[in-house]
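Structure first, then comments.
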Amino acid sequence: MPSSTSRAIPRLRALAANCSLPQGLSFTPEQRVAKNLTGLIPHVMEDSDKQCERALKMIRTRQTGIDKYLYLSTLKAENVDLFYRLLIDNAKELMPLVYTPTIGDVCLQYSTLYTRPEALYISIKQRKSIRTMLKNWRYPNPEICVVTDGSRILGLGDLGVNGVGIPIGKLALYTAAAGIHPEKALPIVLDCGTANESNLKDPLYLGLRAKRPSVAEQQEFMDEFMEAAAEVYPEMVVQFEDFESEKAFNYLDRYRNNYKCFNDDIQGTGAVVLGGYIGAVNLSGVPLEEQRLVFMGAGSAGVGVAKQLVEYYTKRGLSEQAAKDKFWLVDTKGLVTRDRGDKLAEHKKYFARADNNGHQFRTLEEVIEYVKPTALVGLTATHGVFTESVVRALKASVDAGGLGRRPILFPLSNPLTKAECTFEQAVTWTDGTVIFASGSPFSAFTVKTSEQPVTYYPNQGNNVYVFPGIGLGAILSKSSRVTDNMIYTSAAALAGSLNAEEVQKGLIYPRIDRVRDASLIVAREVMKASRRDGVSQLPEEQWLEWEEWGDPALDKYIKARIYDPEL
Ligand SMILES: O=C([O-])CC(=O)C(=O)O
Ligand SMILES: [Mg+2]
């Protein structure tokens with residue numbers, strides 16, 4: 001005879017499957033009868049607005065970013081549609097919780113906060129079973145994967161397996177910003193150990209308790225992973241995220257011609273900064289040819305951004321050398337020059353200056369004094385590097401060029417605690433003339449004057465404006481590779497995605513709650529670039545039809561394939 005417990009199990013399963021958290025509240029009485037749910041949930045019927053209202057209220061009662069994140073994370077596990085409805089409709093408030101800056105705090109404590117698996121955790125000790133692990137993923141045929149080895153998480157350094165929060169967060173944005181179905185997104189952390197002593201000492205640490213093996217061994221593991229991933233999921237696009245700089249450049253070079261992959265920190269950041277730079281130059285009053293750019297930080301993001309900008313200049317007719325001459329890269333040892341005397345990392349050599357007449361410039365102040373830049377970009381992961389004297393010197397060198405000119409200042413490091421300066425400082429030290437973009441979001445800043453208070457609006461120059469559209473465009477065009485032109489096009493598309501109100505407000509990026517509109521434009525243009533480069537594997541007739549009907553037809557195709565949660 002079945003016991004009462006075993007009889008109850010199907011009911012519980014029905015409840016768990018159908019109405020965990022408030023989801024079932026939108027079921028009609030008939031649906032509830034059909035699903036054996038009558039009486040198992042409150043009898044009211046609620047639409048999605050009501051359910052979102054309740055969830056928002058719950059989030060707002062929580063005091064810390066981490067507590068809000070944990071609520072959201074449970075909601076995502078138990079009612080994925082409600083989670084995404086909420087995130088899409090409240091991007092400005094919730095994106096900073098799911099992504100930078102809060103995700104940085106989450107990563108720092110991931111092993112302590114852990115409640116449920118949300119990714120594939122592949123350790124170098126399990127390298128013989130990569131294929132099995134990939135096949136174990138709970139949903140079939142993922143289309144996009146974000147993979148990290150945790151070696152340089154945001155500006156926080158080597159966090160080992162705790163860095164998995166980044167692939168999880170980035171993929172939440174793939175869904176929220178570009179409409180990739182949540183079941184098609186695969187977060188992966190490759191655990192090769194960590195150099196992080198406090199992780200290694202933490203009794204709750206969830207990763208391998210070992211130092212990282214040699215670069216060669218990590219690369220072999222990466223080779224095995226890439227081969228296995230392409231074999232098990234041949235359609236899947238792979239986004240490399242937060243690999244330490246040398247590995248980031250090496251892996252991108254190594255795999256880009258054989259696999260569908262791109263690096264978000266090099267290429268995504270490059271594209272998003274170029275997208276903003278195009279608008280910033282227009283506002284600055286300094287013509288493009290006269291801009292002189294100092295980059296503080298010469299890692300994957302710094303060099304990636306500078307190279308993307310060089311490409312922009314060359315596409316506008318400058319020789320590569322003339323374009324390169326507009327950039328001065330600075331690292332912890334000072335201006336990157338050919339004769340500095342230390343062994344330059346491979347990726348820095350391209351920008352090493354040869355015109356310094358044997359003179360070395362050791363501090364940012366000295367470089368600014370020497371270069372007289374019009375734009376200053378920060379990718380150092382060091383808070384406070386843009387000091388008052390640095391910012392004032394930037395403004396002075398711009399002012400010297402003529403009246404009404406405005407300095408471009410992009411402190412881009414993430415999360416907020418690593419930003420090179422704050423928005424308020426930038427506004428104050430430039431007397432409000434700054435054109436500003438940061439990686440993580442700052443609030444608007446109001447200055448009280450004797451007349452009307454003046455409010456200044458910051459820009460968030462974060463790669464969230466491009467990577468979701470690049471990935472979606474690559475997937476929908478069935479690209480066999482992600483080409484340089486696809487990345488470059490994403491920047492130009494982003495620059496053209498501002499609406500009249502945003503242009504009028506002097507913004508250089510769309511408002512964050514319009515990120516879905518921007519992603520659609522980016523995805524469409526990336527698809528077209530894929531076709532131009534001959535890497536789209538869509539049938540030729542399809543492209544001919546779009547050519548005849550134009551962008552609206554392509555937009556319709558994209559919109560019909562993206563996830564928009566209905567409750
Ligand atoms: O995650 C972000 O916000 C931007 C990014 O890729 C990084 O800082 O590594
Ligand atoms: Mg990153």
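Order of listing sets the numbers, starting from 1, for every ligand and every atom in it. Just so it is clear, the model here is predicted, and its values are computed rather than measured.
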Audit row: Lys76, Val98, side chain to side chain contact (heavy atoms under 4.5 Å, CB included) steps and yes/no:
CA-CA 11 Å; Lys76 181 160 72 149; Val98 172; over 6 Å; no
Honestly, for Ile166 the part within reach of ligand 1 (heavy atoms, under 4.0 Å) is neither
N/O/S atom of Glu241 inside 2.8 Å of the Mg ion (ligand 2), strictly under
yes
Keeping Asp331 on the side-chain end and Gly297 on the backbone end, is there a donor-acceptor pair under 3.5 Å?
no
I want to check a possible cation-pi pair here: Lys184 against Tyr139, using under 6.0 Å from ring centre and within 45° of the ring axis as the test.
no
Determine whether the side chain, the backbone, both or neither of Asp265 has a heavy atom under 4.0 Å from any heavy atom of ligand 1.
side chain
Cationic tip of Lys315 within the cone over Tyr488's six-membered ring, i.e. under 6.0 Å and within 45° of the normal?
yes
Around Lys349, counting heavy atoms of other residues, nucleotides and ligands shown, do more than 12 lie under 6.0 Å from its NZ?
yes
Look at the rings of Phe327 and Tyr313 and say which category their plane angle falls in: under 30° parallel, 30 to 60° tilted, over 60° perpendicular.
perpendicular
Looking at atom 2 (C) of ligand 1, what's its closest protein heavy atom, distance included?
Tyr99 OH, 3.3 Å
Heavy-atom closest pair (Arg511 atom, Glu502 atom, distance to 0.1 Å) is N-OE2, 2.9 Å
Which atom of Asp265 is nearest the Mg ion (ligand 2), counting N, O or S only? It is OD1
Nearest-contact summary for atom 9 (O) of ligand 1 - protein heavy atom, Å:
Arg152 NH2, 2.6 Å
Identity and distance of the protein heavy atom lying nearest atom 3 (O) of ligand 1
Asn462 ND2, 2.7 Å
Salt-bridged, Arg85 to Asp89, with N to O below 4.0 Å?
yes
Looking only at N/O atoms, are Thr100 and ligand 1 under 3.5 Å apart anywhere?
no
Tell me: protein heavy atom nearest atom 8 (O) of ligand 1, and distance?
Asn414 ND2, 2.9 Å
Protein residue, atom and distance nearest to atom 1 (O) of ligand 1, heavy-atom basis:
Lys170 NZ, 3.0 Å
Atom name, Asp242 (N, O or S, nearest to the Mg ion (ligand 2))
OD1
Of all the atoms in ligand 1, which lie at a distance below 4.0 Å from a heavy atom belonging to Glu241?
6 (O)
When you measure from the centre of the six-membered ring of Tyr350, is the NZ or CZ of Lys324 under 6.0 Å away and within 45° of the axis?
yes
Polar contact flag for Thr269 and ligand 1 (N/O pairs, less than 3.5 Å):
no
Would you kindly specify which portion of Ile103 sits under 4.0 Å from ligand 1, judged on non-hydrogen atoms: side chain, backbone, both or neither?
neither
Short list, please: which atoms of ligand 1 are under 4.0 Å from a heavy atom of Asn463?
2 (C), 4 (C), 5 (C), 6 (O)
Do NZ/NE/NH1/NH2 and the carboxylate oxygens of Lys211 and Glu197 come within less than 4.0 Å?
yes
As an exercise, identify every atom of ligand 1 less than 4.0 angstrom from a heavy atom of Asp264.
6 (O)
